Asker: 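To start, I am sharing the structure in question, which I have written as structure tokens.
Quick caveat, the model's predicted, so the values are computed rather than measured. In what follows, every chain begins at residue 1, and chains take the letters A, B, ... in the order their sequences are listed.
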Number of protein chains: 2
Amino acid sequence: MDRVDKIMSQWQRERPDLDIEAMGILGRLKRLTTHLGREVEQVLLQHGLSSSAFDVLATLRRSGEPYRLSPGDLLAMTMVSSGTMTNRIDQLEKAGFVERVLNPDDRRSVLIALTENGFAAVETAVGAHVANQQRLIENLSDEDKAALDALLRKFLAKFE
Amino acid sequence: MDRVDKIMSQWQRERPDLDIEAMGILGRLKRLTTHLGREVEQVLLQHGLSSSAFDVLATLRRSGEPYRLSPGDLLAMTMVSSGTMTNRIDQLEKAGFVERVLNPDDRRSVLIALTENGFAAVETAVGAHVANQQRLIENLSDEDKAALDALLRKFLAKFE
DNA sequence: ACGATATGTCTTGACGTCAAGATAAATGCT
DNA sequence: AGCATTTATCTTGACGTCAAGACATATCGT
């Protein structure tokens, strides 16, 4: 009887006509992701990066040399709107972690380039981040992890 | 090879030293919840409610007669900060969906009461919402749903 | 009784996000 | 070549969220 069960039993009592079968999965998914997101954020903040800043820096870092992508590329990889991406880049540029360089091939466009400081920041943060991720799932057995990953993959496929 | 696989293979190439095992589950959880949240929001907006407004109204509704809870009670049931709850209540009060009534037992406190309009709004919205939830998981088989729910329950238990 | 502590709610200021639309350059069509 | 359309990025304004702390009232311990 966890919190989601309580919510469902309240609905059951008040609105027995509703089919609330789906509420368990979706409620637990949402609560779980909120908890996980907060845990992730905490560790990144200890390294001076918000999740959203890390998100961009990590995308640049893992894209490989020369660690440059256009805002449009970043957009396509990060599930945020163009306005959000502009804002993220602005903040990172102010912090000195990226710089905008002209795209010689397309004057509408610009490339976001990781600076030395940006590279260093993401390089240390990512180590702590993946260790933290590992910690967050350590309570699941290997079989649980494999089963969960397979189910999430199948579920996610409907949306992307 | 979904988007999360691509991210992982990039990290694999760039930082083969990192143990990125956990990234699959956590990345898919996050992406999935983002997609689901957007789908849920869309349906609620069609009924004139944001997710956060619905969250509060639904908590009051399912608490049963007389559909009144203190901000503190609402806080305990909704994973948001006190400032966020104050703001949500302010907006709902402006919209005429709830009203603040004095708590006779504790003058520090106040009760948030669903108005007639608030009751009507949540009553129609919740029907559409649960139908939408049902739609969102319809791609999963009954076995998948049961397995996913069990895994999420176990995982979530670590955090609450 | 009364001072110290705890509790309940709200305020403030800073972020992060989005949708819609503005701006500029590139591309396609005739 | 020249105009229309598309593409790439940024701007604007509105929301929702949080942490930290302010404020008022209750409760506890002596």
Asker: To the nearest Å, how far apart are A:R108 CZ and C:dA25 P?
Answerer: 10 Å

Asker: Mind checking which nucleotides bracket the chain B contacts on DNA chain D, 5' to 3', with an atom under 4.0 Å from a heavy atom?
Answerer: D:dG16 to D:dA26

Asker: Just the rounded figure in Å: distance from C1' of C:dA26 to CG of A:D105.
Answerer: 12 Å

Asker: Assign each of A:V110 and B:A53 to its nearest nucleotide of DNA chain D by heavy atoms, then name whichever residue's nucleotide is nearer the 5' end.
Answerer: A:V110

Asker: Using a strict threshold of under 4.0 Å (side-chain N to carboxylate O), is an ion pair present between B:D73 and B:R68?
Answerer: no

Asker: Taking all non-hydrogen atoms of both residues, which atom of A:I7 and which atom of B:R62 are closest, and how far apart?
Answerer: CG1-NH2, 3.4 Å

Asker: Please list, in numerical order, the residues of residues 58-87 of chain B that have a heavy atom closer than 4.0 Å to any atom of DNA chain C.
Answerer: B:S70, B:P71, B:G72, B:S82, B:G83, B:T86

Asker: Search all heavy atoms of A:L49 against all heavy atoms of A:A121 and return the closest pair with its distance.
Answerer: CD1-O, 4.2 Å

Asker: Between P on C:dT27 and CG on A:D106, what's the gap in Å once rounded to a whole number?
Answerer: 6 Å

Asker: Should A:D2 and A:R31 count as an ion pair when the cut-off is N to O under 4.0 Å?
Answerer: no

Asker: Rounded to the nearest angstrom, tell me the gap between atom CG in B:N103 and atom C1' in C:dT9.
Answerer: 12 Å

Asker: Can you list everything that forms a side chain to side chain contact (heavy atoms under 4.5 Å, CB included) with B:T84? Sequence neighbours excluded, please.
Answerer: B:V80, B:S81, B:R88

Asker: Without hydrogens or angle criteria, can the side chains of A:S51 and A:E41 be said to hold a donor-acceptor pair below 3.5 Å?
Answerer: yes

Asker: Using a heavy-atom cut-off of under 4.0 Å over every strand shown, decide if B:S50 touches base, sugar-phosphate, or nothing.
Answerer: sugar-phosphate

Asker: State whether B:D55 and A:K30 are salt-bridged, where the test is any N-O pair (Lys NZ or Arg NE/NH1/NH2 against Asp/Glu carboxylate O) under 4.0 Å.
Answerer: no

Asker: Looking at A:L45, A:V43, A:V126, A:V40, which hits side-chain contact (heavy atoms from CB on, under 4.5 Å) with A:F54?
Answerer: A:V126

